[in-house]
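Everything on this sheet refers to the single structure shown next.
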Amino acid sequence: MELEKEEILSAIHHCVKCKLCSIASFHPNEEWLPLCPSGEYYGYQAFYAPGKMEIFRAILEGEITEPSEGLLNSVYACTVCGACYEKCKQITSVELGAPDLFEAMRREMASKGWILDVHTSIADKIEETKNAYGEKYEYKVNAETTAGDADVLYYIGCTARYRVPEIADAMLGIFDKLGLKYQVMGEEWCCGSVLFRTGQVEAARELVAHNVEEIKKSGAKTVVFTCPGCLKTFKKDYPDMGVELLHSTQFLTRLGNMNLKKENLKAAYHDPCHLGRDLGIYEEPRAVLSEVADIKEMKREREQAWCCGSGGGVKSAFDDFALWSAAERLKEAKEAGAEALVSACPFCKRNLKEAAEKEELEVYDVVELVNRCLEG
Amino acid sequence: MNETFSKLVKELQAIVGERNATDDPAICTSYSRDQHWHFVPAKNPACIVRPGNKEEVRAVLMLANTHKIPVIPYSTGINVRGLTIPVHDGSILLDLSRMNRILEINPEMKTATVEPGVTFGMLLEQTRKYKLRPAFPDAPLTVSVLVNYYLRGIYQTSATDGHDHTISYEMILPNGETLKTGSRALSEMPYFRYGVGPDFAGMFCAHPGTCGVVTELTAKLYRLYDNRKEYFIGFDDVGTPTKFIYNLMNDDLAASIRLVDNQSWLKGIFGTFDYPYEKLPKFVLCVLIEGVDGIYEAKDKLVRAYMKECGGQVLELPAEFARTFEDECLGGAEKSCMVFGIKGRGNYHCIGLYGPLTLAAEYYEVHEKTALEVGIPQDHIHFYIDPIYSFHGQLCYFELDVFYDGSDEEFGDKLRNYNEKQFHRLLDLGIYGWFRPYAGIIEPTAERIGYLAEVWKKFLHVLDPNEIMNRGKLF
């Protein structure tokens, strides 16, 4: 979303700094539940949405001319989770949201070269290896069940390929067990999400062109994603390819009865920010999860879910903060009486799992449970 | 930043920890502007310090006092009047949001003792366990309890709560001394405002951080009743409902009474934009009754009797509107902030003042007259009244509002013209006092208060001889 300077300044001027964006809706339960991980962790006003907007104003009006450490930290130690916008929108009907503003801010900063080294190194890795982790490109799929002419293409994504392969394995397992024809891309490149989210838009152009070309060539009619970050990027930053883009949980919901064997498991569902707040997909993951586990409601859910702490380039640059944010979510799941915390995003899974290392709480992606509960 | 100041930041970091003091220009920028920026231009503090306890506050103040560095106390960051925007170069902004402990809730005494970073939301979450609540300002429930009470200008949403909710407090002065007011000075019992000597709690109140730093405050709590009922009555003018309001207040009948115009605050009070507000009468009186069994029913009977003769139109509105009104009045303002979402007019300018109900119609008249004179369109002019118990002097809080597009610089000029005229006109008309020391309000006021202004300045000099405490916000 390209925004004009005047449009941005107008939006910034309209923030009255009530800071209600930093807490979940208070009424009617009258509970004080913070919503902004970055503000809660770092504390300075600069880390809350109103403070960040003020910094953006100062950049645009030429008051900030150097990339100080505080500038880089306050701008990039934000998961751009969008919780602030959801809250503000409910109260003020504001149309231009903080995530759009903050991504525009990052683009503006990147254009000046004000960017974290760790984020430029991700861009370098992508340029070299076509994936965000700089891993050697390879992913084995079952040649017997993939079909080059299948209508359904599973876009795996970097994180499920190289960091949380159990999600990709589970999704492929589901295809296999259900006997569904599918294909994966011969040369799947990073979708570019991390570049878009960190302001390095130019570096993403080549990736977009390649992936669009490959998908067109594949003849697939539907592309399925287990990564909401990839899905959001395809939906919002890619040209229309004339194919249907679905999250795994939407795809599974459409299949109807899968003969799942429900487990005796109390599970809380963690809404991934890209899936929920960005794409409005709240019901399908719950519908799928309810087939395999008993759902325990957490206090902050759906539009007002607490972010896992992993997105927006935070995990790579501010791991302590990312893990703290995840630990807060784990606490909430345990308070809800859950034995497992289930998400629908490889970024969430990775960060929550890492934070749960010493916890008595299992962390899954919903497709893992589905795969487990499918009669093989 | 010069070398001396960098050394000072190091000293501040030694007090509060490296993570909690910074002179990073971007971090400082985030504190540089608030909602009042058409009147108080953006200015960066030189550094931000975030103390975690009163001993750190003391050490910071003493250091600043030694070097004569201006200090601006700041609580939870919800500032809409420019009172925490620096006036002087090289100021330390003392961000007290880390000090957010509720030190005591005493249901027997009906009090709460809090630090400056405690918000109304945080406090209610705890007090409701005892069926108690704080007195709420009609401000977001993210605002600081301590600062709202200490600044006094409390424009509360419940008429029965009275005006002053402060019982006693503890303040650290620039020289590092601790002042305790009321019974707090004499004992471990901070529950009585009038302890030894004069009412120091009153003398220090209403200063925007200009005396010292209040590190803890004991406030009154009020009962939450299960029995509640709401009425909404429409009027076409401000004058007609005043008799009805007087009757309700005189007989102590209503928990909350709010007369608002139909185009602004009603949206928040009802919790929706999606309603044909323009079809309602121009002003709507919102009345909430509560009480224990027996008294509640009796109050309701009397309210209904007064309603019959009030000259207004009793409105039938969706049931959820009443629920939101209750939440906003007795549970803290959240949806009231929907005024910030009025299409194309989400910025908020107000002159808040205290005055008698008898002048209500005249306040509205002068508000409308001045606004139209400076070119503010009629549909940007808004108004509300909250009467305040007890009704000696027919005390009310009045708010003369203009909602506008903050990005419109020309409108900013209009508002500055409005203020310049309006402060004098209101003083000529007669008011009890201003809600806050807004930018530009103290000068015309000080001219009229005679020797009191001189004594006030001397009083500040005694407390803060080096003039480090948020100077420029009063004198």
### Task
Measure distances from R19(B) to the heavy atoms of chain A and classify the residue's part below 4.5 Å as side chain, backbone, both or neither.
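Contact with chain A: backbone and side chain both.
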### Query
What part of T76(B) gets closer than 4.5 Å to chain A, counting heavy atoms only: side chain, backbone, both or neither?
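Backbone only.
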Can you check whether [X] reaches [Y] side chain to side chain, under 4.5 Å on heavy atoms?
X      : Y       : result
C18(A) : F340(B) : yes
H14(A) : D405(B) : yes
I12(A) : R33(B)  : yes
H27(A) : L141(B) : yes
W32(A) : T142(B) : yes

Donor-acceptor pair, side chain of [X] and main chain of [Y], under 3.5 angstrom:
X       : Y      : result
Y44(A)  : A21(B) : yes
S407(B) : S10(A) : no
D24(B)  : S68(A) : no

### Task
Go through G341(B), G121(B), G268(B) and name the one with the most non-hydrogen pairs under 4.5 angstrom from chain A.
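So the answer, after comparing G341(B), G121(B), G268(B), is G121(B).
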#### Entry: Part of F47(A) within contact of chain B (heavy atom distance under 4.5 Å)
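Contact with chain B involves the side chain of F47(A) alone.
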### Task
Sort N29(A) into side chain, backbone, both or neither according to what part of it lies under 4.5 angstrom from a heavy atom of chain B.
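Interface part for N29(A): backbone (N, CA, C, O).
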### Query
Counting only heavy atoms not in R302(A), do more than 12 fall under 6.0 Å of its CZ?
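Correct, the count exceeds 12.
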